[in-house]
Visitor: 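Shown below is the structure under consideration.
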Amino acid sequence: MRKWLDRYYGRLRTFKANYVLLNLMNPARMVHARRMYRKYGISRSPLLPIDSSVMPSAGTEQPWLDRADARERLGRDARIQALPPDIRQALLQWPDKGYVILRGLFTAAEVDAVNGEIDRLVGEGVVDFNFTGRKIMFAYRKSAAVRAMANDRRILDVLDLLLGRRMRLFQTINFLTGSEQAAHSDTIHMTTHPLGYLAAAWVALETITPDNGPLVFYPGSHRLPYILNPTFDHGGGAFTIGEDAYARYESTVARAIEEHHLQAETFLARPGDVLIWHANLLHGGMRMSTPNASRRSMAAHYFAEDVLCYHELTQRVAWVEEDTAAV
Ligand SMILES: O=C(O)CCC(=O)C(=O)O
């Protein structure tokens, strides 16, 4: 039954009209998008399908650390100078590498609290795995401990500094095992206008070894051009999203990794370690060499509160809660 529903849901998701209908039925969730459409002069209804091909190009800006002089400006920044040397070093590599590692950010007690909450929520059926069978989406809405970790002020402060705007939580994903997800950039799923105002924080909730499917990432890949709908054959049409659009996207990314000779790194971590990555950093989940090994972790995605967030691949605006710190 579950498999049949998933397949049915999968097909349903290709019809753009469904999203228009869902948007129409959820006016409260469209408030942010409407405000951003006005702000950025996007002259079409936010109910309708959108992707980067219809975004205005005039006057769009880049995050300050994506610009050519990023390294120098960051080095001179007073906030960076005031940080302890290890954190300063970690942050200084952002413009070139596109990631920052913060070791030991969360205590064992904080990690245990989140793990306990996830077990409880899964056990009580309050949250469940999505169609991938590996991801528990939006658990922050159901648990104060998850919410507190995702909205940790130290993470938000780093994100605000790196992106140059006030960042806010959009979504959390909790894992009990590895995702084994192919390399991708978050911007294909959660796109912003202007581009680049998104980042993710990944928290190790147990020891991450080469065997339990660690996060894998490609340092420096964030500097490659964004791979978005106009730059690959996604197979979609006027009324439908390409049924295998994501597989086509993944092949395009795999080719880019090969062409640019990108070298993978893995995030081997202790519980409480955090890796923050750039909107366009290519990353995914390594194969689990021990099948179904436990790999408790949480990915949280954030975007700047005064930009438009939408879903490039499924061509719809994101539904944004007004306050993700207190749901
Ligand atoms: O945790 C993983 O294995 C991958 C996570 C990921 O790709 C993401 O959250 O964007």
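All heavy atoms count here, side chains included; hydrogens, waters and symmetry mates do not. Since the model is a prediction, treat every value here as computed from it, not as a measurement. For ligands, and for the atoms within them, numbers begin at 1 and follow the listed sequence.
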Visitor: What about Y197 and M36, same hydrophobic cluster or not, with Ile/Leu/Val/Met/Phe/Trp/Tyr joined at side-chain heavy-atom distances under 4.5 Å?
Guide: yes
Visitor: Can a salt bridge be assigned to the pair D233 and R248 using a cut-off of 4.0 Å between side-chain N and carboxylate O?
Guide: yes
Visitor: Atom 7 (O) of ligand 1: which protein heavy atom is closest, and how many Å away?
Guide: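 Result for atom 7 (O) of ligand 1: H184 CE1, 2.9 Å.
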Visitor: Hey, is R295 touching ligand 1 through its side chain, its backbone, both or neither, going by heavy atoms under 4.0 Å?
Guide: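 Just the side chain.
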Visitor: When only distance counts, is E180 in polar contact with ligand 1, meaning an N/O pair under 3.5 Å?
Guide: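 No, E180 has no N/O under 3.5 Å of an N/O on ligand 1.
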Visitor: Which ligand 1 atoms does L215 reach within 4.0 Å, using its non-hydrogen atoms?
Guide: 1 (O), 2 (C), 4 (C)
Visitor: Should W202 be counted as touching ligand 1, given the test is an N or O pair under 3.5 Å?
Guide: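 For ligand 1, there is an N or O atom that lies under 3.5 Å from one belonging to W202.
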Visitor: Output yes when the distance from some N or O of ligand 1 to some N or O of W277 is under 3.5 Å, and no in every other case.
Guide: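 Such a contact does not occur with ligand 1.
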Visitor: Cation-pi between R134 and F175: NZ/CZ under 6.0 Å from ring centre and within 45° of the ring axis?
Guide: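 Negative - R134 is either too far from the ring of F175 or too far off its axis.
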Visitor: With atoms numbered from 1 as shown, which atoms in ligand 1 lie under 4.0 angstrom from a non-hydrogen atom of H283?
Guide: 6 (C), 7 (O), 8 (C), 10 (O)
Visitor: Which ligand 1 atoms does G285 reach within 4.0 Å, using its non-hydrogen atoms?
Guide: 3 (O)
Visitor: At less than 4.0 angstrom from any non-hydrogen atom of F175, what atoms of ligand 1 do you find?
Guide: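 Ligand 1 atoms under the 4.0 Å threshold to F175: 1 (O), 5 (C).
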Visitor: Below 6.0 angstrom between ring centroids: does that apply to Y246 and H189?
Guide: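 Yes, ring centres under 6.0 Å apart.
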Visitor: Can a non-hydrogen atom of H189 be found less than 4.0 Å from any atom of ligand 1?
Guide: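 Contact check H189 vs ligand 1: negative.
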Visitor: Taking only heavy atoms of H301 into account, list the atoms of ligand 1 that are under 4.0 Å away from them.
Guide: 8 (C), 9 (O), 10 (O)
Visitor: Does the cation-pi check pass for R255 over F232, that is, NZ or CZ under 6.0 Å from the six-membered ring centre and within 45° of its axis?
Guide: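 Ring-cation test returns no.
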Visitor: Do L198 and L65 share a hydrophobic cluster (ILVMFWY, side-chain heavy atoms under 4.5 Å, transitive)?
Guide: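 Yes.
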Visitor: How far is atom 4 (C) of ligand 1 from its nearest protein heavy atom, and which residue and atom is that?
Guide: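 Scanning the protein heavy atoms, the shortest distance from atom 4 (C) of ligand 1 goes to S179 OG, 3.4 Å.
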Visitor: Any salt bridge linking R76 with E72? Criterion: basic side-chain nitrogen under 4.0 Å from a carboxylate oxygen.
Guide: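 The answer is no: the pair does not qualify as a salt bridge.
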Visitor: Hey, does H260 have a side-chain heavy atom less than 4.5 Å from the side chain of L224?
Guide: yes
Visitor: With heavy atoms of A299 as the reference, note each atom of ligand 1 found under 4.0 Å away.
Guide: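 Close to A299: 9 (O).
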Visitor: Does R34 qualify as a cation-pi partner of Y37, given the criterion of NZ or CZ under 6.0 Å from the six-membered ring centre and within 45 degrees of its axis?
Guide: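 Cation-pi check for R34 and Y37: fails.
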